[in-house]
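A short worksheet on the structure shown next.
Letters A, B, ... are given to chains in the order of the sequence lines, protein chains preceding strands, and every chain is numbered from 1.
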Amino acid sequence: MALLKNLIAHNSALSLIDTSTSLRQALQIHAHLLTSGAFTHDPSSFNSFLSSLALSSSPPLLSYSYSLLFSSPPHSPNLLTVNSLIRAHSSGPSPHLCFSLYRHLLSLSLAPNHFTFTFLLRAAASTVGLLGPVIHGALTRYGCGTDRHVQSSLIHMYSSLGLVSHTRVIFRDIIDPDLVTITSMLTALAESGDVDSAREMFDEMPERDTVSWNAMIAGYVHVGRSKDGLDLFGEMLNQGAKVNEPTMVSVLTACAHLGALDQGTWVHAYIQKNRLKLNVTLGTSLLDMYFKCGSIERAMKVFWSMRDKNVFTWNSAINGLAMNGEVEECLKLFELMESQGVIPDGVTFVGLLQGCCVAGLVQKGREMFSLMKDRYGIEPLDEHYGCMIDMYGRAGKLDEAVQFIHNMPIEPNVSAWRTLLHSCKMYNNVELGEYAMNKITHIEVNSDGAHVLLSNIYADCRNWKGVSRVRERMKEKGVRKEPGCSVIEVHGAVYEFFVRDKSQPRYREIKLMLGEVDRRLRLAGYRANTKEVLFDIEEEDKEDAISWHSEKLAIAFGLIALEEGVEMRIVKNLRVCWDCHDWTKFVSKVFDRKIIVRDRNRFHHFKDGLCSCKDYW
DNA sequence: GTAGGGTTAG
């Protein structure tokens, strides 16, 4: 206490407020400042005290500063103090409080300035509701609309509300846009999905810095154009631009999407070599990349090496283990997460439920579902219901699946019914399949996946009439099957293959290889299963068409381009069909190759003629 | 004495 008094005597009690200060200590300091008469002696010290509380980056102190502001006349806070409170709240847990602070500011007859508005716009960008445009009106009245900081914040705010046309208007009115405002606009365009316009803008920029490169790369990755993102990153390196942590996060995300393990590994080495800081975000994207490339060991190595973990980190690991079929590990990790006091969220449970689903752990899945609601008070969303339906359905418990759908408190969406339809396909239940299809077409006419599934159900039981009926309907409604696409990485370069794509530069070679594979597989006992082929092609082409499924092209290319014994990693946008799954098992045996296929839902690790999914997917 | 653009999980 002697030390404390001493500090107060030197008017630096404020320096005691730091990140490690507890609310209790803050109250003590406050009490001392009050009783020692510091506030009356020096009225400005109250302002400093408030600002220090707000800027301590501790949620309890932040909310204490909030309540203090409203309850402490006669010490009138000045504009700077209120601004710092607004600033602190704008990036804190309750940004909406900024607007009460703003009203309070006005009630004190203080005039807001451009600082005030940049903070308010930041808050408006991260809160639901349409206060942004109201703030926009206010700042115009206060003459702050021409300030650069305000302008870029406005673009950011409108972009986060999804109002890209408004961002264009703001940008148009900027007389001499600078690096930052251009980058804001570029980001807004990319986030609206118009990456090509963003790229045009990027190419025309008179100068670029790390942030603008990052914005463009992230823009590509965000809309799923990961390959373009990686290409641009290559250009960034070529031009000698400085790379930092956010750059690497986007690049790793791109590698994860593409399953590009070689590039991802290179990035990992680059991070180490250049001493980039492996913070929570970067660490999480790194481990996620390893998981999505099917490298469980390396992913977990990163996980255990991370000192700081947040819920994203845990979720990535839990989900990664589940998707790779390591369900026991996944459940263990969840226990550890709970024991460390980390609060799971809805995403955590998506991972857990999917894990139970792919492992056929019905009872465990039920327990998790209750745990989520009862212990954690998390309201299940479509995706959680989807997991449950899938879990029952895959396990052959179709009655329970239907019952579950009927008991859902929310309206089942298309994917709920499609999941059921998928189970009907697995267990040849035509009647229930038709029922599900009927529900689907009432919600969404152009459900390509559902039409394909139903036609396959009919094909399974040789109901050719049913097949052609579905075909007719698809033609009528103009439903097109989403084209399958598989990606393979060879020596650090990424190659994309589309179903029946003949425009590949090495098409002839691949075709020859497919023929060779076919011969050797037949000798080993493989027989093509043509039932699942969508009947948008003539009967005699069926077998040929099957051999053109995109993963077969990618695997054939891998056999040509990769050295013997090197494992192959494929990423596919759809689920693997039964025939391709069977074919790949044979390839793994006949060609003695480890093949890892990541499909829309999960991983398949093929080795010695077997798959890690145990043919349950 | 406060400020604007870029980063993670299903």
**OP:** Look at all strands and tell whether A:Thr181 reaches a base, only sugar-phosphate, or nothing, counting heavy atoms closer than 4.0 Å.
**Re:** base
Original post:
Touch check for A:Asn113, heavy atoms < 4.0 angstrom, all strands: base, sugar-phosphate only, or nothing?
Top reply: base
**OP:** Supply the atom-to-atom distance A:Phe119 CZ to A:His149 NE2, rounded to the nearest 0.5 angstrom.
**Re:** 10.5 Å
Subject >> Side-chain touch A:Lys227/A:Val487, heavy atoms, less than 4.5 angstrom >> reply: no
**OP:** Select base, sugar-phosphate, or nothing to describe what A:Asn279 touches, counting heavy atoms under 4.0 Å on all strands.
**Re:** nothing
Original post:
Can A:Arg87 be said to sit on top of A:Phe115's aromatic six-ring, NZ or CZ under 6.0 Å from centre and within 45° of the ring axis?
Top reply: no
**OP:** Please work out whether the ring planes of A:Tyr142 and A:Phe117 are parallel, tilted or perpendicular, with thresholds of 30° and 60°.
**Re:** tilted
Original post:
Taking side chain as C-beta onward, heavy atoms only, is A:Leu139 less than 4.5 Å from A:Leu154?
Top reply: yes
**OP:** Give a yes or no on whether the backbone of A:Val249 and the side-chain of A:Thr253 come within a donor-acceptor separation of less than 3.5 Å.
**Re:** yes
**OP:** May I ask you to decide if the ring planes of A:Tyr158 and A:His136 are parallel, tilted or perpendicular, using 30° and 60° as cut-offs?
**Re:** perpendicular
Original post:
When we call it a touch if two heavy atoms are under 4.0 Å apart, what does A:Arg87 touch: a base, just sugar-phosphate, or nothing?
Top reply: sugar-phosphate
**OP:** With heavy atoms under 4.0 Å as the rule, sort A:Asn83 into base, sugar-phosphate or nothing.
**Re:** base
Original post:
Between A:Lys332 and A:Glu329, is the closest basic N to carboxylate O distance under 4.0 Å?
Top reply: yes
Subject >> Members of residues 150-169 of chain A that approach DNA chain B, where some heavy atom sits under 4.0 Å away >> reply: A:Ser152, A:Ser153, A:His156
**OP:** Quick one: label A:Thr210 by what it contacts on the DNA or RNA (base, sugar-phosphate, nothing), any heavy atom closer than 4.0 Å.
**Re:** base
**OP:** Tell me what A:Lys292 touches on the nucleic acid: a base, only sugar-phosphate, or nothing, going by heavy atoms under 4.0 Å.
**Re:** sugar-phosphate
Subject >> Any A:Arg199 side-chain heavy atom under 4.5 Å of A:Leu232 side chain >> reply: yes
Subject >> Outermost DNA chain B nucleotides near chain A [under 4.0 Å, heavy atoms] >> reply: B:dG1 to B:dG10
**OP:** Tell me what A:Ser184 touches on the nucleic acid: a base, only sugar-phosphate, or nothing, going by heavy atoms under 4.0 Å.
**Re:** sugar-phosphate
